[in-house]
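The structure appears below as structure tokens.
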Amino acid sequence: MKRLALISFALVSMLAFVACSSPTKKAEQVTMDFFKALNAGDYDKARTYTASEQAEEYVNFISFFNSDSVKAFSQEGNPERTTKIASSEDHQDTIICYVETTEQPTDPTDSASVLNQKVVLTKVDNEWKIVDIPMK
């Protein structure tokens, strides 16, 4: 019984924390969930965080280069990636998150590669969605 009460308290506390969080924090969480899905290869889940053709095309682009047919031509294995939000900007109806993805080398003599990306989010049906990820 104590365990159930503790779990219930934890869930209520978590919901209260999420409800009180700022729009920037919510947009950052959407961005992180999006990149976690991409890094895990869950492209359908990644698409649920998008609200534009451009953002969906980005997911399609990433899924193509991570497909088995393309990997067959590559000598490298799956590198380990870590993603973090470097900074964010709140522009009333849009939030821009600057994301830093570090890809660990498969060869120990190489250095890690870092990719910096700008991710633009806007509210769609009262939820933050990714609408633009400029491809460099």
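Atoms considered below: every heavy atom in the structure, side chains included; atoms not considered: hydrogens, waters and symmetry mates. Here the structure is a predicted model, which means the values were calculated and not measured.
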Do I62 and V30 sit in the same hydrophobic cluster, where Ile, Leu, Val, Met, Phe, Trp and Tyr count as joined when their side-chain heavy atoms come under 4.5 Å apart? yes
Under a 4.5 Å side-chain heavy-atom rule over Ile, Leu, Val, Met, Phe, Trp and Tyr, are M32 and Y58 clustered together? yes
Name the residue from V59, T101, D33 that meets the side chain to side chain contact (heavy atoms under 4.5 Å, CB included) definition with L38. V59
May I have all residue pairs that pass salt bridge (charged side-chain N to carboxylate O under 4.0 Å, His left out) and include part of residues 38-53, sequence neighbours excluded? D44-R47
With sequence neighbours excluded, tell me which residues meet salt bridge (charged side-chain N to carboxylate O under 4.0 Å, His left out) with K84. E100
Would you name the heavy atoms of N126 and K123 that are closest together and state the gap between them? OD1-NZ, 3.4 Å
Does a side-chain heavy-atom distance below 4.5 Å link V99 with I85? yes
OG of S111 to CD of Q104: how many Å apart, nearest 0.5 Å? 10.0 Å
In short, A51 meets V124 closest at the heavy-atom pair CB-CG2, 3.8 Å
Can you name the closest pair of heavy atoms from S88 and C97 and give their distance? OG-SG, 3.7 Å
Give the intermediate values and the outcome of side-chain contact (heavy atoms from CB on, under 4.5 Å) for residues T50 and F34. CA-CA 8 Å; T50 65; F34 173 77; 3.8 Å; yes
Quick check: do I96 and K118 have side-chain heavy atoms less than 4.5 Å from each other? yes
Atom pair CD (E57) and CZ (F64), whose distance is rounded to the nearest 0.5 Å: 14.5 Å
D132, T94, T31, T24 screened by side chain to side chain contact (heavy atoms under 4.5 Å, CB included) with L121, the one that passes: T31
Quick one: does W128's side chain get under 4.5 Å of E28's, heavy atoms only? no
If you round to the nearest 0.5 Å, how far is CD of Q117 from OH of Y98? 13.0 Å
For F61, the ring-ring contact (aromatic ring centres under 6.0 Å, His included) test, sequence neighbours excluded, returns F65
Going through the checks in order, is the side-chain contact (heavy atoms from CB on, under 4.5 Å) test met by F35 and V119? CA-CA 11 Å; F35 279 97; V119 179; 3.8 Å; yes
Apply side-chain contact (heavy atoms from CB on, under 4.5 Å) to residues I133 and Q54 and explain how you reach the verdict. CA-CA 7 Å; I133 306 174; Q54 191 279 339; 4.3 Å; yes
